[in-house]
Protein chains: 2
Amino acid sequence: MTQSKTDPRVLRTRKLIMDSFIELSGKKEFKDITVKDITSEAKINRATFYYHFEDIYDLLDKILSEVLLINLNAIDFEKSELNEASIIDIFVAITDFQRALSNRCHRGYDETIARIIREQLEIIFYGMLRKQHTTEEDESLKITAVILSWGVYGASVEWRRNCKESSPEAFIKSAIPFLMSGIEHV
Amino acid sequence: MTQSKTDPRVLRTRKLIMDSFIELSGKKEFKDITVKDITSEAKINRATFYYHFEDIYDLLDKILSEVLLINLNAIDFEKSELNEASIIDIFVAITDFQRALSNRCHRGYDETIARIIREQLEIIFYGMLRKQHTTEEDESLKITAVILSWGVYGASVEWRRNCKESSPEAFIKSAIPFLMSGIEHV
DNA sequence: TTCGATTTGTCGTTTATGCAACACATTGAT
DNA sequence: ATCAATGTGTTGCATAAACGACAAATCGAA
């Protein structure tokens, strides 16, 4: 809330870098994109790139997190509870996100994408759990969030692999009882 | 030719400012556009504006000069001589330029536009004259360029006011004998 | 393998931009 | 006419970005 505004120069530069990366990833595969490519496309100095990002993997991290967050932000986690409905919403958001990625020539990032999605899920689940169980100890909530995040992410992998003929909503519903029992068990 | 590249930050910032001004001038009249409007639209600091431009009139100057130059650059002055054909080309470029301006809601700038066009014309005529008369003294060429620039600009005013039914080419052709005699008299 | 070319991180220095504050001018409503 | 609000142009200082250089790593072709 009280976040002091970040320097507009930083916002501009980050946007330039991210836009250039997205532009380039429409032409080349990830492994062929160099930092030099990005900075000359963005017309910024290469040293400036390293001022904002550790390396090209860090950039990918932050871009994907941001894109995923935009998808997930449609769901208002501040208000919604961790129940059947919100789990379905989140699952649909993830499958939408992955579909968007595969439409945009993002190939060869699979492991990175997986990690990012799972990490984001963990953060979200942990936040929601803590709101509902303010009395519980943190460790217990944390491990629940971890297991949930892996489980839901795994479900999305499974859906993409085998079950595209059924809707994501229908697919995740079959897993809801198991997930919810774990949540209520905390 | 040996111009050392200007700092990319400068180019970016100037473009931000100019684009914002052009954007704003589609919504308001010139007299209603403030420096603050421009800088907040461009998301740059107001002090940065004054780093690049003296004031809002200076900005208008440079924007219009640039737009006019793009029109005029279609004509290759480095190669062409100051003769009947090139005068016609220049006259047509000016009338095109003014038509483009009036299409884009630029009202109330008339005096400024007039000055800028005339100054540009003077620069161009002087440059062309000097290439053809390397032996002549500068002062003589300069005054010729001044008179030519006023004359050709005045012709464009006259054409806009009374003679739009005839083509600009036909219109300026009737003035060519007078202009050329002045040029050859140097 | 080896060698040249390219890329990667990092550093120190210079320059452009951000920011807050200022006195002054202009505007607009009462 | 007055007063508050807004815009103007300027300044000093803080910080991001540019630039050039560098050693090390990686890549590619002979």
Side-chain angles (χ1 to χ4, degrees), chain A residues 1-64 66 107-109 111-112, chain B residues 1-64 66 107-109 111-112:
Chain A
M1 292 298 176
T2 44
Q3 45 187 343
S4 53
K5 305 162 194 170
T6 62
D7 194 315
R9 289 174 289 183
V10 172
L11 297 177
R12 277 205 294 273
T13 301
R14 289 218 170 105
K15 180 159 171 44
L16 282 173
I17 293 175
M18 291 188 169
D19 287 350
S20 301
F21 177 79
I22 289 171
E23 171 70 19
L24 284 173
S25 63
K27 301 176 186 166
K28 303 179 178 188
E29 296 211 8
F30 175 63
K31 66 177 175 50
D32 296 327
I33 298 175
T34 71
V35 173
K36 212 171 185 237
D37 288 336
I38 296 169
T39 55
S40 52
E41 166 91 20
K43 280 166 193 155
I44 62 147
N45 196 277
R46 203 164 51 85
T48 306
F49 176 93
Y50 292 102
Y51 183 88
H52 293 281
F53 305 97
E54 280 190 10
D55 51 33
I56 204 170
Y57 300 97
D58 183 37
L59 169 63
L60 179 61
D61 249 54
K62 288 174 175 157
I63 286 182
L64 292 184
E66 190 169 282
R107 287 167 311 212
Y109 310 12
E111 337 67 31
T112 311
Chain B
M1 293 300 176
T2 43
Q3 44 188 341
S4 53
K5 304 164 193 168
T6 62
D7 193 316
R9 288 174 291 184
V10 172
L11 299 176
R12 277 204 294 273
T13 301
R14 290 219 172 105
K15 180 159 171 45
L16 282 173
I17 293 174
M18 291 188 169
D19 286 351
S20 301
F21 177 80
I22 290 170
E23 171 70 19
L24 285 172
S25 62
K27 302 174 184 166
K28 304 179 177 189
E29 296 210 6
F30 175 63
K31 67 177 174 49
D32 295 327
I33 298 175
T34 70
V35 173
K36 212 171 184 236
D37 288 337
I38 295 169
T39 55
S40 52
E41 165 93 19
K43 280 165 192 153
I44 61 147
N45 196 276
R46 203 164 51 86
T48 306
F49 176 93
Y50 291 102
Y51 182 88
H52 293 282
F53 304 97
E54 281 192 10
D55 52 33
I56 203 172
Y57 301 97
D58 183 37
L59 169 62
L60 180 61
D61 248 55
K62 288 176 176 156
I63 286 183
L64 292 184
E66 190 169 281
R107 288 167 310 216
Y109 310 14
E111 338 67 30
T112 311

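Letters go in sequence order (proteins before strands), and every chain restarts at 1.
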Looking at side-chain heavy atoms only, is the closest gap between [X] and [Y] below 4.5 Å?
X       : Y       : result
B:Arg14 : B:Lys62 : no
A:Leu24 : A:Glu41 : yes
A:Lys43 : B:Leu11 : no
A:Arg12 : B:Ile44 : yes
B:Thr13 : B:Ile17 : yes
A:Ser25 : A:Ile33 : yes
B:Thr39 : B:Val35 : yes

How many whole angstroms separate atom [atom1] of [X] from atom [atom2] of [N]?
X       : N      : atom1 : atom2 : result
B:Asp7  : C:dT17 : CG    : C1'   : 10 Å
B:Ile33 : D:dG7  : CD1   : P     : 14 Å
B:Asp32 : C:dT27 : CG    : C1'   : 12 Å
B:Ile17 : C:dA16 : CD1   : P     : 14 Å
B:Arg9  : D:dT15 : CZ    : C1'   : 11 Å
B:Lys31 : C:dT26 : NZ    : P     : 17 Å
B:Asp58 : D:dG9  : CG    : P     : 11 Å
A:Leu59 : C:dT8  : CG    : C1'   : 15 Å

Could you work out which one of C:dT8, C:dC19, D:dT8 sits closest to the side chain of A:Thr34?
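Of the options given, the side chain of A:Thr34 lies nearest C:dT8.
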Centroid-centroid under 6.0 Å between B:Phe49 and B:Phe21 rings:
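Not close enough - the centres of the two rings lie 6.0 Å or further apart.
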Just checking B:Arg12: base, sugar-phosphate only, or nothing, at a heavy-atom cut-off of under 4.0 Å?
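It contacts sugar-phosphate atoms only.
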Enter the inter-axis angle for the ends of the helix from C:dT1-D:dA30 to C:dT30-D:dA1 (five pairs per end, rounded to 10°).
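Here the local axes at opposite ends form an angle of 50°.
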Toward the 5' end of DNA chain C, which comes first, A:Val35 or B:Arg14, by nearest nucleotide?
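Mapping each residue to its closest nucleotide by heavy atoms, the 5'-most match is A:Val35.
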Note: B:Lys28-B:Asp37 ion pair, threshold 4.0 Å (strictly below)
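Salt bridge flag = yes for B:Asp37 with B:Lys28.
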Within residues 41-52 of chain B: residues closer than 4.0 Å to DNA chain D (heavy atoms)
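Heavy-atom cutoff 4.0 Å gives B:Arg46, B:Ala47, B:Tyr50.
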